[in-house]
Amino acid sequence: QVQLVESGGGWVQTGGSLRLSCAASGRTFNNAVMGWFRQAPGKEREFVAGVTWSGTYTKYADSVKGRFTISRENFKNTVYLQMNSLKPVDTAVYFCALRDRRGVRTTEADFDSWGRGTQVTVSS
């Protein structure tokens, strides 16, 4: 069974940067689509970014395009989310997710395994 562990969250001021990491274990990571979602207080979980197993295709939510970058290192079984120009609206718990099928998707139901999340807080 796959395990996903996120790290790198924390507190940052508006305009700052954070880099989230997600380490996968328990199965072959290379052929999986990976994604990041987030959930703010009182809101539903939403898609942030996704990347194919090769790393050549990425997809982003409109709200983070140009500010966030998803990447992966398959030999480390790790996926990253570089977050720049952070805003208070980016404050949320960020979750890593794994999809065992082809194609980047943007809904929770399309992903098969989840991490427990890491808190990101952006102050104004």
Side-chain angles (χ1 to χ4, degrees):
Q1 185 173 351
V2 65
Q3 290 185 324
L4 304 174
V5 179
E6 302 95 337
S7 61
W11 177 90
V12 66
Q13 291 186 323
T14 296
S17 298
L18 284 174
R19 188 194 196 200
L20 305 183
S21 299
C22 171
S25 61
R27 57 146 284 167
T28 301
F29 174 77
N30 290 4
N31 293 325
V33 171
M34 301 299 297
W36 286 97
F37 287 71
R38 67 185 181 186
Q39 187 167 19
K43 295 188 177 181
E44 294 185 351
R45 193 173 299 188
E46 64 176 1
F47 172 80
V48 175
V51 61
T52 54
W53 72 269
S54 66
T56 56
Y57 178 79
T58 57
K59 186 176 182 66
Y60 296 92
D62 288 342
S63 59
V64 306
K65 280 181 182 176
R67 299 188 298 123
F68 291 10
T69 302
I70 188 171
S71 61
R72 62 192 295 168
E73 290 185 311
N74 287 344
F75 72 98
K76 290 185 177 180
N77 280 2
T78 301
V79 63
Y80 305 98
L81 186 67
Q82 177 67 43
M83 306 186 296
N84 299 328
S85 302
L86 283 161
K87 308 173 183 179
V89 295
D90 295 317
T91 295
V93 177
Y94 284 72
F95 298 90
C96 176
L98 181 150
R99 170 176 162 84
D100 273 322
R101 292 150 284 169
R102 295 171 63 89
V104 177
R105 299 291 185 268
T106 62
T107 61
E108 290 184 70
D110 288 316
F111 285 80
D112 304 296
S113 302
W114 294 83
R116 293 188 174 185
T118 184
Q119 176 70 46
V120 171
T121 303
V122 184
S123 66
S124 58

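All values below come from the heavy atoms of this structure, side chains included, with hydrogens, waters and symmetry mates left out. Please read these numbers as outputs of a predicted model, since none were measured by experiment.
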**Study point:** ILVMFWY cluster, Tyr80 and Trp53 together (side-chain gap under 4.5 Å)
**Key:** no
Exercise for review: Using the side chain to side chain contact (heavy atoms under 4.5 Å, CB included) rule, pick out the option among Arg72, Arg101, Arg99 that qualifies with Val33.
Suggested key: Arg99
Point to revise | Evaluation steps, side chain to side chain contact (heavy atoms under 4.5 Å, CB included), between Arg38 and Leu20 | key: CA-CA 12 Å; Arg38 67 185 181 186; Leu20 305 183; over 6 Å; no
**Study point:** Same apolar cluster (I L V M F W Y, side chains within < 4.5 Å links), Val48/Leu98
**Key:** yes
Study note, to complete from the structure: dist Leu18:CG -> Gln82:CD (nearest 0.5 Å) comes out at 8.5 Å
Study note, to complete from the structure: In this structure, CH2 of Trp36 is separated from CD of Glu6 (nearest 0.5 Å) by 5.5 Å
Practice item. Indicate, with yes or no, if Val93 and Leu81 share a hydrophobic cluster defined by side-chain heavy-atom contacts under 4.5 Å among Ile, Leu, Val, Met, Phe, Trp and Tyr. Key: no
Review point. Does any non-hydrogen side-chain atom of Arg105 lie less than 4.5 Å from one of Phe47?
Key: no
Practice item. Without swapping roles, check the side chain of Thr121 against the backbone of Thr91 for a donor-acceptor pair under 3.5 Å. Key: no
Exercise for review: Would you sort out whether Glu108 and Phe95 count as a side chain to side chain contact (heavy atoms under 4.5 Å, CB included), showing the intermediate values?
Suggested key: CA-CA 11 Å; Glu108 290 184 70; Phe95 298 90; over 6 Å; no
**Study point:** Aromatic ring pairing Phe68/Tyr94, orientation class (parallel under 30°, perpendicular over 60°, tilted between)
**Key:** tilted
**Study point:** 4.5 Å side-chain heavy-atom contact, Thr14 and Pro88
**Key:** yes
Review point. So Asp90 and Lys87, salt bridge (charged side-chain N to carboxylate O under 4.0 Å, His left out) or not? Walk me through it.
Key: CA-CA 5 Å; Asp90 295 317; Lys87 308 173 183 179; over 6 Å; no
Point to revise | Point-to-point distance, once rounded to the nearest 0.5 Å, from CH2 of Trp11 to CG of Leu86 | key: 12.0 Å
Check your understanding: Say you draw a straight line from OG of Ser113 to CE of Met34; how long is it, rounded to the nearest 0.5 Å?
Key -> 8.5 Å
Practice item. State, to 0.1 Å, how close Thr78 and Ser21 come at their nearest heavy-atom pair, and which atoms those are. Key: CG2-CB, 4.4 Å
Practice item. Please report the shortest heavy-atom distance between Cys96 and Val79, naming the atom on each side. Key: SG-CG1, 3.8 Å
Exercise for review: Give a yes or no on whether Gln3 atom CD has more than 12 heavy-atom contacts from other residues, nucleotides or ligands under 6.0 Å away.
Suggested key: no
Point to revise | Shortest non-hydrogen contact from Ser17 toward Ser85 | key: OG-N, 4.3 Å
Exercise for review: Among Val51, Thr106, Ile70, find the residue that satisfies the side chain to side chain contact (heavy atoms under 4.5 Å, CB included) test when tested with Lys59.
Suggested key: Thr106
Check your understanding: Thr56 and Ser54: which non-hydrogen atoms are nearest, and at how many Å?
Key -> OG1-OG, 2.7 Å
Study note, to complete from the structure: Looking only at heavy atoms, the pair that brings Phe111 and Gly35 closest together is CE2-N, 3.8 Å
Check your understanding: Roughly how far, to the nearest 0.5 Å, is the CG atom of Leu4 from the SG atom of Cys22?
Key -> 4.5 Å
Review point. About how many Å separate OG1 of Thr52 and CZ of Arg102, when rounded to the nearest 0.5 Å?
Key: 9.5 Å
